[in-house]
Amino acid sequence: MLGALFLSIPVFQVLGFFMNGTVFMALRKLGKNDFAAAEETLRKTKYPKYLAKTQKAYYYLAAGLFEALKNNFHIDAPHF
């Protein structure tokens, strides 16, 4: 019983990372106007299609903001 509890903790941590990614940390850095570090942190999310709905929306919002700051206005539809 106790072994199953200790085994489930890392599973939930990995699952939480895939559902939340690094979006929250990137938004915190963005709030401090550290755009380079925020973009680097956001790029660490390898699979944004597996994020939770809210986190996915913030991911694409932040990614669009970074591209707008670079004056990269190429329109491309996201692939869900």
Side-chain angles (χ1 to χ4, degrees):
M1 178 74 176
L2 192 58
L5 176 69
F6 286 125
L7 183 63
S8 65
I9 291 173
V11 170
F12 285 126
Q13 286 178 338
V14 169
L15 183 63
F17 179 76
F18 276 109
M19 291 185 70
N20 295 316
T22 58
V23 177
F24 180 72
M25 292 182 289
L27 290 176
R28 298 261 326 233
K29 291 179 182 183
L30 192 60
K32 294 178 183 178
N33 292 330
D34 191 0
F35 296 109
E39 184 177 12
E40 181 180 329
T41 304
L42 189 68
R43 299 257 181 241
K44 291 180 183 178
T45 300
K46 300 290 183 197
Y47 303 104
K49 64 182 178 181
Y50 295 126
L51 294 172
K53 285 183 182 181
T54 306
Q55 297 299 324
K56 190 185 300 185
Y58 283 126
Y59 175 86
Y60 286 119
L61 176 74
L65 177 65
F66 296 136
E67 293 300 319
L69 289 172
K70 295 178 194 175
N71 291 327
N72 186 6
F73 294 111
H74 175 73
I75 298 173
D76 190 17
H79 304 285
F80 293 105

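All values below were derived from every heavy atom in this structure, side-chain atoms included, with hydrogens, water molecules and symmetry-related copies excluded. Counting begins at 1 with the first residue of the sequence.
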Take Leu30 and Phe66 through the side-chain contact (heavy atoms from CB on, under 4.5 Å) test and state the conclusion after the steps.
CA-CA 10 Å; Leu30 192 60; Phe66 296 136; 3.7 Å; yes
Using a cut-off of 6.0 Å, state whether more than 12 heavy atoms not belonging to Tyr58 lie near its atom OH.
no
Residue Phe24 excluded, over 12 heavy atoms near CZ under 6.0 Å:
no
Atom of Glu67, atom of Arg43 and distance for their closest heavy-atom approach:
OE2-NH2, 3.4 Å
Spatial distance of atom CD (Glu40) from atom CE (Met25) [nearest 0.5 Å]:
11.5 Å
Pairwise distance CG(Leu42) to OH(Tyr60) - rounded to 0.5 angstrom
10.5 Å
Gap between atom NZ of Lys70 and atom CG of Leu65 - 0.5 Å precision:
11.0 Å
Atom OG1 of Thr41 and atom CZ of Arg28: how far apart are they, to the nearest 0.5 Å?
12.0 Å
What I want to check is whether the side chains of Thr22 and Lys44 have a donor and an acceptor closer together than 3.5 Å.
no
